[in-house]
Amino acid sequence: MLANPDSGRLHCPNPSQFLNPNRPKCFRFPNCPRSPCFPSKSKFCNLSLLLPRQTSKKGLGIRALSDPGGVSTSGGPLGYPQPYSVKIPVGDRHILVETGHIGRQASASVTVTDGETIIYTSVCLADTPSEPSDFFPLSVHYQERFSAAGRTSGGFFKREGRAKDDEVLICRLIDRPLRPTMLNGFYHETQILSWVLSYDGLHSPDSLAVTAAGIAVALSEVPNSKTVAGVRIGLVGDKFIVNPTIKEMEDSELDLLVAGTDNAILMIEGYCDFLTEEKLLQAVEVGQDAIRAICNEVEALVKKCGKPKMLDAIKLPPPELYNHVEEIAGDELVRALQIKGKIPRRKALLSLEGEVLTILTEKGYISKDAALIGSETIPDIFEDEEEDEEVVVDGEVDEVDEGDVHIKPSSRKSTPLFFSEVDVKLVFKEVTSKFLRRRIVEGGRRSDGRTPYEIRPINSKCGLLPRAHGSALFTRGETQSLAVVTLGDKQMAQRVDNLVDVDEWKRFYLQVSLYISYLSNFAMCGNLANNVLIFQYTFPPSCVGEVGRNGAPSRREIGHGMLAERALEPILPSEDDFPYTIRVESTITESNGSSSMASVCGGCLALQDAGVPIKSSIVGIAMGMVLETEEFGGNGSPLILSDITGSEDASGDMDFKWLQVAGNEDGVTAFQMDIKVSGITLPVMREALLQAKDGRKHIIAEMLKCSSPPSRSLSKYAPLIHIMKVNPEKVSLIIGSGGKKVKSIIEESGVDAIDTQEDGIVRITGRDLSSIEKTKAIITNLTMVPSVGDIFRNCEIKSIVPYGVFVEIAPGREGLCHISELSSEWLAKAEDAVKVGQHIDVKLIEVNEKGQLRLSRKALLPDTDAENASSKQPTGDSSDVASQETSDKGSTKKIISTPKRDLAGELPQKKFIRRLVSAAKDRPNINKDKTKKSSKVVSSVSSKDENTLVNGEANIG
């Protein structure tokens with residue numbers, strides 16, 4: 001990092017400064033302890049790799065211009081960049097990009113604002129390079145702070161801790177498009193941190209976080225080839241919307257996130273409801289235009305306040321090593337790549353790599369003495385009197401057109417006498433990939449003998465596990481998924497704590513244990529509450545024949561789970577049609593590429609086997625691509641590969657995944673694309689999509705040949721769920737104080753769970769029909785709406801108080817019979833006439849404003865006609881509901897009596913009678929200002945005591 005102590009901002013120094021002998025010895029780093037400008041030690045004091053020994057501008061290859069570019073040089077702290085902000089048009093509004101305000105000690109930091117949603121992103125890199133590898137040392141961390149929405153966590157721990165799955169998914173959205181733009185050979189560990197500082201509930205932060213990270217990397221010292229930006233595309237009606245609001249996304253048929261550069265697409269994550277390929281391509285094209293506009297604005301920003309790129313820190317294996325490896329292993333490598341089996345081929349390649357290392361060591365090209373290798377290959381630049389530091393310069397950097405950077409060996413360096421073992425392994429992998437591509441392009445055959453368009457053999461079987469609610473085994477080549485479906489009630493659903501101030505529950509979740517378990521959502525989008533799948537993907541080492549860690553799911557596993565989860569989501573029935581919470585576990589027992597797609601196929605079969613009424617079948621296929629075919633004997637046009645394997649995924653240029661609907665081969669539900677090279681154009685994407693459609697048709701046809709077809713009916717071990725509607729005002733009666741009543745109902749009836757909602761919906765979950773019917777009867781009696789004048793017979797006296805007795809007219813419903821209403825004669829105390837446990841007949845004479853019931857026994861004592869009418873009712877153990885008409889104050893009333901229980905306290909199951917209960921027409925003196933709604937709910941005769949409702953009817957809800 002270079003700073004001008006006079007202006008207080010970063011800039012690209014004049015190369016002629018390096019020739020000034022009067023400058024301090026550490027003139028390259030003004031902020032170094034050796035410089036008088038910065039007395040404190042900087043973390044960049046040992047990064048002498050920043051600038052080359054030669055001083056030509058061509059050799060520098062620095063993107064940031066030496067011209068200040070209009071940035072103010074006054075008022076900024078010494079050594080820090082001056083604050084700078086710019087508005088960038090995106091869709092129908094602007095986003096605000098600010099840098100130099102906060103996080104000034106980072107290599108680069110920006111805040112990006114859309115509406116009142118603010119993302120803060122910083123980029124930092126390690127002082128020293130890590131061990132060379134074929135994987136760029138990039139880590140991304142994204143966090144949604146509850147304070148951004150003015151909330152605190154609903155859990156026990158109020159401090160944000162381990163990343164939630166939705167945060168992990170957004171981390172992947174940031175990582176995937178940035179990684180292909182990083183230059184090979186740069187081994188300084190790079191960290192991108194992103195926080196949601198403010199969230200307005202309207203503008204989604206995920207696409208904003210991708211753009212913020214791309215801008216921060218472009219402004220930092222990390223060498224990259226292109227600026228990256230990301231946008232979300234929605235489809236409302238026939239109109240594509242760039243970065244739609246969350247409100248607009250509620251009506252959108254498409255949820256597409258596109259990331260790329262000004263001329264290429266790097267990443268696509270999309271979910272839709274059976275859109276065609278042409279619609280998807282149109283959406284991608286709209287996204288590409290929006291990304292291009294953002295990147296052009298960012299490039300102008302980089303020219304004004306970007307930092308020099310650390311191009312001299314790039315260290316590539318010497319080209320001589322490639323020749324040595326090809327000479328030693330060429331013929332053996334060709335034969336090893338022809339082995340069709342994955343495990344034998346992997347062992348052959350591993351053995352061949354060891355032979356190459358052995359031969360090069362015997363020839364004196366490899367030394368394990370790192371100090372000796374460094375002294376032979378790396379010249380010293382200068383020595384420090386206080387610290388023993390050396391500057392490593394690997395080669396000269398040429399800057400070529402269109403921002404591409406080409407690294408070539410410096411002519412001033414002698415041919416190295418030794419190669420490191422790590423470099424040999426990296427080169428062997430690259431040579432293997434080169435030979436594999438040549439075999440595919442020239443010979444037209446892949447490692448397993450297939451043509452580029454051929455799908456691996458497929459077979460499937462359902463109903464393997466007798467106790468599971470649904471199961472299926474799907475096998476495609478050497479990839480195998482054992483999918484298991486479990487059905488449950490809402491209590492099995494997943495509660496999600498996010499920035500939106502509402503409870504969000506996941507009714508369907510897919511658990512893939514390769515062991516798979518799906519957990520995920522875009523936490524900001526409240527419209528995904530009911531049918532979002534939860535898919536947590538764990539990849540055990542046994543599925544690839546290896547020994548390794550088996551613990552919490554990695555980011556990659558969570559991302560793969562999300563893809564399969566969102567693919568199956570559109571085919572699920574609505575909650576009204578199928579009120580179950582659905583869990584799908586997909587255990588990957590074998591893996592050789594496209595295991596997430598196998599989970600989709602197996603999960604779809606298992607859903608059918610469990611009796612879930614899905615709308616159609618879903619299949620998935622993974623596509624690959626060899627981009628540069630001309631150097632391998634092709635015609636130069638990209639070669640698309642269908643149903644790629646693991647080795648092709650690792651060696652190819654593209655891993656392009658999406659899902660398709662069975663029975664509607666033209667409809668897409670979910671798709672994902674990751675590019676490992678600079679990008680992919682729309683014509684190439686169109687060709688890949690059309691070829692994948694043919695592959696999906698083939699997979700659908702093969703799945704129809706399932707040897708043991710799905711049962712398509714509920715398992716006898718699956719729980720039963722009954723839904724009933726009650727008056728919303730009566731829900732509290734079901735729950736009771738502190739949930740005591742609902743617990744007692746569950747204990748008495750034997751059901752698994754009772755779930756109530758504020759709108760009066762009650763879900764009863766049980767293992768058998770009798771327990772559900774019993775619960776229905778209890779809730780029916782508990783929530784009934786009695787009318788003044790109703791007569792209740794055979795009611796138990798629950799308690800006696802000085803002013804009267806409390807009588808239970810229905811399970812859980814009690815009323816007060818005042819002492820003056822117990823008898824026609826005067827009573828000194830209630831115990832003189834009745835006792836606890838005695839059964840009496842009472843009449844409802846009043847319902848007060850609080851809903852409390854006032855009963856009278858005295859009102860029935862002189863009513864001989866009613867007694868005679870009651871005595872004429874059928875007796876015995878018959879459970880038929882009897883009713884008769886009686887006259888009371890000139891109105892017609894219905895008398896309903898219930899039979900007595902047997903000695904065990906249970907009603908004979910065979911004598912249950914269900915009747916539709918309707919509302920009474922006359923409701924005198926009972927809260928006339930409130931309208932009582934009736935519902936056609938089936939009522940079963942079942943109660944704890946033998947109560948009889950007379951002169952009226954029970955009204956539910």
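Just so we're clear, the structure is a prediction, and the values are computed from it rather than from any experiment. Reckoned from all heavy atoms, side chains included, excluding hydrogens, waters and symmetry mates. Along the sequence shown, residues are numbered consecutively beginning with 1.
Contact of the Thr756 side chain with the Val742 side chain is not registered, since no non-hydrogen atoms from C-beta on lie closer than 4.5 Å. Considering only heavy atoms from C-beta on, Leu853 stays 4.5 Å or farther from Phe792 through its side chain. Under the 4.5 Å side-chain criterion, counting only non-hydrogen atoms from C-beta, Ile734 is in contact with Thr783. The closest side-chain heavy-atom distance from Arg467 to Ser715 is not below 4.5 Å. Between Leu714 and Leu487, the closest side-chain pair of non-hydrogen atoms falls below 4.5 Å. Under the 4.5 Å side-chain criterion, counting only non-hydrogen atoms from C-beta, Arg763 is not in contact with Asp489. Side-chain contact between Ile797 and Ile840 is present, with at least one heavy-atom pair separated by less than 4.5 Å. With a 4.5 Å cut-off on side-chain heavy atoms, Ile764 and Lys776 count as touching.
Under a 3.5 Å cut-off, the side chain of Glu821 and the backbone N or O of His818 do not form any donor-acceptor pair. Checking side-chain atoms of Lys774 against main-chain N and O of Glu748 turns up a donor-acceptor pair under 3.5 Å. A side-chain donor-acceptor contact under 3.5 Å links His469 to the backbone of Tyr717. Using a distance-only test at 3.5 Å, with no hydrogens or angles considered, no donor-acceptor pair links the side chain of Tyr199 to the main chain of Arg145. Of the possible polar contacts, none joining the Glu144 side chain to the Glu167 backbone as a donor-acceptor pair under 3.5 Å is found. Counting only distance, with no hydrogens or angles, the side chain of Arg813 and the backbone of Met784 share a donor-acceptor pair below 3.5 Å. Checked by atom type and distance alone, the side chain of Ser471 pairs as donor or acceptor with a backbone atom of Leu464 at under 3.5 Å.
One finds the NZ atom of Lys741 at 10.5 Å from the CD1 atom of Ile779 (value rounded to the nearest 0.5 Å). The distance from the OG atom of Ser856 to the CG atom of Asp841 is 11.5 Å, given to the nearest 0.5 Å. A distance of 14.5 Å separates NZ of Lys740 from CD1 of Ile735, quoted to the nearest 0.5 Å. Between the CG atom in Asp759 and the NZ atom in Lys725 there is a gap of 4.5 Å [rounded to 0.5 Å]. To the nearest 0.5 Å, atom CD1 of residue Ile558 and atom NZ of residue Lys164 are 12.0 Å apart. For the atom pair Glu116 CD and Asp200 CG, the distance stands at 5.5 Å (nearest 0.5 Å).
Residues satisfying the salt bridge (charged side-chain N to carboxylate O under 4.0 Å, His left out) test with Arg767, not counting sequence neighbours, are Asp752. Not a single salt bridge (charged side-chain N to carboxylate O under 4.0 Å, His left out) links Lys615 to another residue, sequence neighbours left out. Not counting sequence neighbours, Ser198 has no partner by the side-chain hydrogen bond (donor to acceptor under 3.5 Å, both in side chains) test.
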Yes or no on side chain to side chain contact (heavy atoms under 4.5 Å, CB included) for Ile754 and Ile746, after CA distance, side-chain angles and deciding distance?
CA-CA 7 Å; Ile754 300 175; Ile746 293 174; 3.8 Å; yes

Apply side chain to side chain contact (heavy atoms under 4.5 Å, CB included) to Lys730 and Val785, showing your working.
CA-CA 9 Å; Lys730 305 297 180 181; Val785 181; 4.2 Å; yes

Intermediate values then yes/no, side chain to side chain contact (heavy atoms under 4.5 Å, CB included), Val584 and Leu607
CA-CA 8 Å; Val584 179; Leu607 286 172; 3.8 Å; yes

Audit row: Asp768, Ser770, side chain to side chain donor-acceptor pair (under 3.5 Å) steps and yes/no:
CA-CA 6 Å; Asp768 55 81; Ser770 61; 2.7 Å; yes

What's the verdict on side chain to side chain contact (heavy atoms under 4.5 Å, CB included) for Leu844 and Ser787, showing C-alpha distance, side-chain angles and the deciding distance?
CA-CA 7 Å; Leu844 179 61; Ser787 301; 5.6 Å; no

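Smallest separation of non-hydrogen atoms from Leu855 and Val807: CD1-CB, 3.9 Å. When all heavy atoms of Phe578 and Gly611 are compared, the closest pair comes out as CE1-O, 4.1 Å. The two residues Val805 and Leu816 make their nearest non-hydrogen contact at O-CD1, 3.4 Å. Shortest non-hydrogen contact noted between Gly470 and Asp609 is CA-OD2, 3.4 Å. When all heavy atoms of Cys817 and Arg857 are compared, the closest pair comes out as SG-N, 3.7 Å. Counting all heavy atoms, side chain and backbone alike, Ala606 lies closest to Ala472 at N-CB, 3.7 Å.
The aromatic rings of Phe806 and Tyr803 sit perpendicular to each other, their planes meeting at more than 60°, with 30° as the lower class boundary.
Paired with Ile809 under the rule side-chain contact (heavy atoms from CB on, under 4.5 Å), one option of Asp790, Asn781, Val842, Asn794 passes, and it is Val842.
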